[in-house]
> 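Below: one structure in structure tokens.
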Amino acid sequence: MLDFKGLFPTVTVFIAFIISILCLFAGTHRNFLDGVDLLTLYTPAGTLGTIGSEAHDFYSIHIMSYCQGTLGTTTPSAGVIRNVTACSNRTLLSSFDPTQAWPKEILAQGLTWPRVISDDFHALKLTSQVMGVLYCMGVGAMGAAILVRVWATLSPRLGQGLFEFGFFTLGSLSISIASIIATVIAFEFVALINAHGKGSNVSAHYGEKFLGMTWAAVGLLVAGSVACFLNTFVPNRAASAAAFEKDIEG
């Protein structure tokens, strides 16, 4: 018989696992979910005159990488479109440094980022790296929860529910804390960049798609954790009644 009580947390953790994987690896290759970024930093490339062709109009910042590109339009009614030209190497402890990302050709002309913007990203470095580690922990815990469910289905053993609930809890906490950090970055840090970027044509915008996806994963994990808790720690009334009747008959 199909175990619907065990199926619900399995479905929720599997979907949350896929969503979190997409959030984690977005932007690690050119045009791979580039729109799912933590934030986008728009640069003063249009003010660079004759060397403007060497500059990039924007940098989209992701958990494990960043991408760069130019802005353009295809038709007057199409609006502005983003053309991603390259992405950085993928690394777990990724942190965006505007000064290092700035093309050497522009640095040779003596043009640099506003110092305050570089300082803002330097202060964010440890926070963004912690967020990346938490995402990896959450994805690992969700993967382990899925494996425990497969193990419990193929070879039921006493105590498997405790392992499953433990991994659910670890995954929920990790992704929840990471999502809180991402939300603070999206609103507070972006507002800080916009405040400090006034007068230098530097601005930032947070990624709505990223926030929607990461909080969807949190919601699924919380729902799955509650279901897993009930399955593990709340007695099955039907099973208890059957055992009681068996004792009476015996």
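Below, each value reflects all heavy atoms present in this structure, side chains not excepted, and no hydrogens, waters or symmetry copies. No experiment lies behind these values; they were computed from the predicted model shown. Residues: numbered from 1 along the sequence shown.
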> Can you check whether F189 and F121 have ring centres sitting under 6.0 Å from each other?
yes
> If you define the side chain from C-beta out and look only at heavy atoms, does anything of F210 sit under 4.5 Å from C23?
yes
> For L41, does its backbone N or O pair with a side-chain atom of H205 as donor and acceptor, under 3.5 Å?
no
> Would you say S225 and S172 are linked by a side-chain donor-acceptor pair, where the criterion is simply a distance under 3.5 Å?
yes
> Run D120 and H196 through side-chain hydrogen bond (donor to acceptor under 3.5 Å, both in side chains) and show every step you take.
CA-CA 9 Å; D120 289 340; H196 288 167; 2.7 Å; yes
> Are there more than 12 heavy atoms of other residues, nucleotides or ligands under 6.0 Å from atom CD of E208?
yes
> Kindly indicate, with the supporting measurements, whether the criterion side-chain hydrogen bond (donor to acceptor under 3.5 Å, both in side chains) is fulfilled by T40 and S60.
CA-CA 4 Å; T40 299; S60 56; 5.4 Å; no
> Test your reading of the model: is there a side-chain donor-acceptor pair from T28 to the backbone of R90, 3.5 Å cut-off?
no
> Could you work out, with side-chain hydrogen bond (donor to acceptor under 3.5 Å, both in side chains) as the rule, every residue matching T169, not counting sequence neighbours?
none
> Please round to the nearest 0.5 Å and tell me the distance separating atom CE of M142 and atom CD1 of I15.
12.0 Å
> As an exercise, state the distance from SG of C136 to CG of L24, rounded to the nearest 0.5 Å.
4.5 Å
> In residues 214-222, what donor-acceptor pairs under 3.5 Å come from side-chain atoms, sequence neighbours left out?
residue: T214; atom: OG1; partner: Y135; partner atom: OH; Å: 2.3
residue: T214; atom: OG1; partner: S179; partner atom: OG; Å: 2.6
residue: W215; atom: NE1; partner: T183; partner atom: OG1; Å: 2.8

> Tell me every residue that passes disulfide bond (SG atoms under 2.5 Å apart) with C87, counting only those two or more places apart in sequence or in another chain.
C67
> Please report the interatomic distance NZ(K209) to CG(L33), rounded to the nearest 0.5 Å.
9.0 Å
